[in-house]
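Notes for the one structure printed next.
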Number of protein chains: 2
Amino acid sequence: MLSQKTRYTIRALQHLADCWQQGVVRLDAIAEEQNIPRKFLTVILSEMVREGLVVSHRGRDGGYELALPPVDICYGDIIRLTRGSLALVPCASRNAHETCANCLPEADCRLRGLMLTLRDEMAAMLDRITLADPITVEAPFAETGMAQMSAKSEAAEPI
Amino acid sequence: MLSQKTRYTIRALQHLADCWQQGVVRLDAIAEEQNIPRKFLTVILSEMVREGLVVSHRGRDGGYELALPPVDICYGDIIRLTRGSLALVPCASRNAHETCANCLPEADCRLRGLMLTLRDEMAAMLDRITLADPITVEAPFAETGMAQMSAKSEAAEPI
DNA sequence: TCTCTTGTCTACTTATTTTGTAGAGATAAA
DNA sequence: TTTATCTCTACAAAATAAGTAGACAAGAGA
C-alpha cells in the first residue's frame, strides 16, 4: 500500500499541476481543497521543496508552485521520492536495493525474481504517466458494474 | 511493500510446491530451509490451513502439503489472501474496497483512477503466474549490470 | 495404553512505522 | 513594523508488524 503521506503528496502535486502557470498556491488552499491536515501538509510540501519538485515563496502572498512543468513529472518519480522505491520488496528495487532479512541468497529467491519483473512492469506504466495527463476516473464500485477503464495514455488521451 | 509475513508465506508455499506429491513436509524442515522463524511459521501455516490452501497432518510423521496442485495456485491469490488486496490504495481494490480517509469523493480522485489501472495490470500478471512456474532469478544487482529478465511466461517457460 | 512427535490456538509482548502536532523561527510585502 | 506565509526540529500518539509463550490436541508406534 501507498502510505497516507504518499497519497497526500500525490494529490498535493496534482493540485499544483492543475494550477500550473496561474501563480502560487497557498498551503491553506491546498489543504482545504484536497482535504489534507494542514500541519501535516507543511511537512510534506517542505520535503517536496527540498527534493526540488516544488518551489516555495515565503512571506506575504507566498505559496507554492511546481518547479517543473507537469508534463515533466511522472508518477514513478513521485513514488520513488516519497517511498524510496517502486518495488514491492526491498531486494527488487532498482533504485534503493536492500537485501531482505531472513531470506534465501538473492540468486536463489524466486520471490525476488517475480517481484523484479513486476517492478519493471509497474515502472513502465508509472514512468509514462505524468502530472499533465488527464486521468478518467471509473465510477465507484458500489454504484456501477465495473470497468470502463484501461486505455494506455498516448499524448493527451484520457487514461 | 509486501510485509515480511507475506514474504514468508509465499516462500513457504513455494517450498511446499517444490515438494508436491513427495509426501508431507515438517514445519521444522520448512523453517530451516527457508530461513523463517519457527514459531512465526506456525502462525503462518495455520492460517494457510484455515484458508484451505494447505493441508496439515498432525501427530507423529505429521507435516504439511499443498491442498491443490501448484499449477492451481497463483501469486495473485496468495497476495490477496495474506494482504487483503492487490491494490496500492484501499479505494482501488476490487476485492476489498474501502474508501480512503481524508480523500476527495472517489469519482473525482485521479489517484484512484491511476491506481485502478495499475491494479489491473498487476493482477493480469500475478494471476497468470502460479506456484508451478519456474522463475529465473536475475543475478543480484551488485555483481552484474542489470536486466536479463523480462519474459512473459507462456506454459512452462522461465519467467 | 503410554509416550513421543508434530501441529493448533489464543493471547501476549515488543519493535517499528506512520500519522500527525507543537512551537519557535525566517522572510517578504505593504 | 506588522502581518501573512513558509521552515524546521522535535516530539507524541496511534497503528501495524513481527515474533514469542505456553497450554492443548491428535496421531503413530511400542
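Chain letters run A, B, ... following the sequence lines, proteins first and then strands; every chain starts at 1.
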Side chain to side chain, Y75(A) and L118(B), heavy atoms closer than 4.5 Å: no
Find out whether V25(A) and C19(A) are in side-chain contact, i.e. whether some heavy atom of one side chain is under 4.5 Å from a heavy atom of the other. yes
In terms of side-chain heavy atoms, does Y8(A) have a donor or acceptor partner in N102(B) at a distance below 3.5 Å? yes
Is the closest side-chain donor-acceptor distance between S3(B) and T6(B) under 3.5 Å? yes
Please check this pair: side chain of [X] against backbone of [Y], looking for a donor-acceptor N/O pair closer than 3.5 Å.
{"X": "N35(B)", "Y": "L104(A)", "answer": "no"}
{"X": "S93(A)", "Y": "P90(A)", "answer": "no"}
{"X": "R112(B)", "Y": "C91(B)", "answer": "yes"}
{"X": "D133(A)", "Y": "T130(A)", "answer": "yes"}
{"X": "N95(B)", "Y": "S85(B)", "answer": "no"}
{"X": "S46(B)", "Y": "V43(B)", "answer": "no"}

In plain terms, say whether [X] and [Y] are close enough for a salt bridge, that is, a side-chain N and a carboxylate O under 4.0 Å apart.
{"X": "R94(B)", "Y": "D120(B)", "result": "yes"}
{"X": "R11(B)", "Y": "D108(A)", "result": "no"}
{"X": "R110(A)", "Y": "D18(B)", "result": "yes"}

Within residues 41-52 of chain B, which residues have any heavy atom lying less than 4.0 Å from an atom of DNA chain C? S46(B), R50(B)
Euclidean distance, atom [atom1] of residue [X] to atom [atom2] of [N] [Å, nearest integer]:
{"X": "F40(A)", "N": "dT18(C)", "atom1": "CZ", "atom2": "P", "value": "10 Å"}
{"X": "M1(B)", "N": "dT18(C)", "atom1": "CE", "atom2": "C1'", "value": "15 Å"}
{"X": "Q4(A)", "N": "dT18(C)", "atom1": "CD", "atom2": "P", "value": "12 Å"}

Which part of the nucleic acid, if any, lies within reach of K5(B) when heavy atoms closer than 4.0 Å are counted: base, sugar-phosphate only, or nothing? sugar-phosphate
Contact list for DNA chain D against residues 23-37 of chain A - heavy-atom distance below 4.0 Å: R26(A), L27(A)
Nucleic acid contacts of residues 54-68 of chain B, taken as heavy-atom distances under 4.0 Å to DNA chain D: R58(B), G59(B), R60(B), D61(B)
So does S3(A) get a side-chain nitrogen or oxygen closer than 4.0 Å to the phosphate oxygens (OP1/OP2) of dT19(C)? yes
Where at least one partner belongs to residues 44-73 of chain B, residue pairs that pass salt bridge (Lys or Arg N to Asp or Glu O under 4.0 Å), sequence neighbours excluded: K5(B)-E47(B)
Contact boundaries on DNA chain D for chain B, cut-off under 4.0 Å to non-hydrogen atoms: dA18(D) to dA28(D)
Tabulate atom names and distances for all N/O pairs under 3.5 angstrom spanning the protein and nucleotides 12-15 of chain C.
none

Using the rule side chain to side chain contact (heavy atoms under 4.5 Å, CB included), only one of V24(B), V49(B), L41(B) pairs with Y64(B); which is it? V49(B)
